[in-house]
Amino acid sequence: MAKYRINIAIDGHSSAGKSSMAKALAKELNYVYVDTGAMYRGVTLFAMKERIVLNGVVDEQALESALDRLFLTFRFNPNTECSEMYLGGVNIEKEIRSMEVAKNVSLVAKIPAVRDKLVAKQRRMAEGNGIVMDGRDIGTVVLPNAELKFFMTADPEVRAWRRLSELQANGKNVTYNEVLENVLSRDRIDSERAVAPLKQAKDAIVIDNSNLTMEEQYEFMLNITKKRMEEV
Ligand code: DC
């Protein structure tokens, strides 16, 4: 057993299955799961509602000034045993998973003022340790001292098929090509942006899960986690 609770950072490409693994690990260890993508999606929905994002264009200055009015919080839902995202007291968990939000989120996530605000919040959440946090810059920027870091990826086509079945299961009417295009464009914008681009931390354990089942991957990650917890 670990002498103390560790922090686990999980980064990687869009739809690489980070959140499923992070949730499962957090549940097993009795840790708190933080979905930082949900926070960027929450800001995006806020900007869309405020008409600061229109037709794929973000008014950066307007968003920066509006950030003082942004109140994003996670609340635990005992029925689903998951934390859900709230914007000013309203549950937005379903809305932030739409294709409309997915299409705009990378544009909003590259704005430095947005990142500063969310990164500060994420660091505060991890202060007490015992966190499994997933995103794009967790191991590199948010928690560079996390005791354990994973970097997850898979072929874009595999990720698009997985995402499509998830969206269809939620009754969303989208095509494979639309999803693949979104996965590729988010990869590109997330990796090429100037601030905190998606990249592997030097000390991250890389997992390409293109040919792994969820169970195989989970067993692998849990074993590594247990080993690491014994070392610290
Ligand atoms: O993990 P996700 O697909 O829900 O994330 C949505 C978007 O948010 C993703 O395209 C990039 C951005 N993001 C980010 O820039 N940094 C993070 N730590 C998490 C997500």
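Remember, predicted model here, so these are calculated numbers, not experimental data. Side-chain atoms are counted along with the backbone in the values below, which use heavy atoms only and exclude waters and symmetry mates. Atoms within each ligand, like the ligands themselves, are counted from 1 in listed order.
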Evaluate whether atom NZ of Lys117 has more than 12 neighbouring non-hydrogen atoms of other residues, nucleotides or ligands under 6.0 angstrom away.
-> yes
Closest heavy-atom contact between Ser191 and Pro197?
-> O-CB, 3.4 Å
Neighbouring protein residues of ligand 1 - any heavy atom closer than 4.0 Å | Thr36, Gly37, Tyr40, Arg41, Val105, Ser106, Ala109, Arg115, Gly135, Arg136, Asp137, Ile138, Arg186, Asp190, Arg193
What residue pairs, at least two apart or across chains, pass salt bridge (Lys or Arg N to Asp or Glu O under 4.0 Å) with a residue in residues 162-191?
-> Lys103-Glu178, Arg136-Asp190, Arg159-Asp187, Arg163-Glu166, Asp190-Arg193
Among residues two or more places apart or on two chains, list those pairs meeting salt bridge (Lys or Arg N to Asp or Glu O under 4.0 Å) that have a residue in residues 32-57.
-> Asp35-Arg97, Lys49-Glu95, Glu50-Arg69
May I ask you to check whether Thr175 and Asn177 show a side-chain donor-acceptor distance below 3.5 Å?
-> no
With Tyr33 via side chain to side chain donor-acceptor pair (under 3.5 Å) - residues at least two apart | Asp134
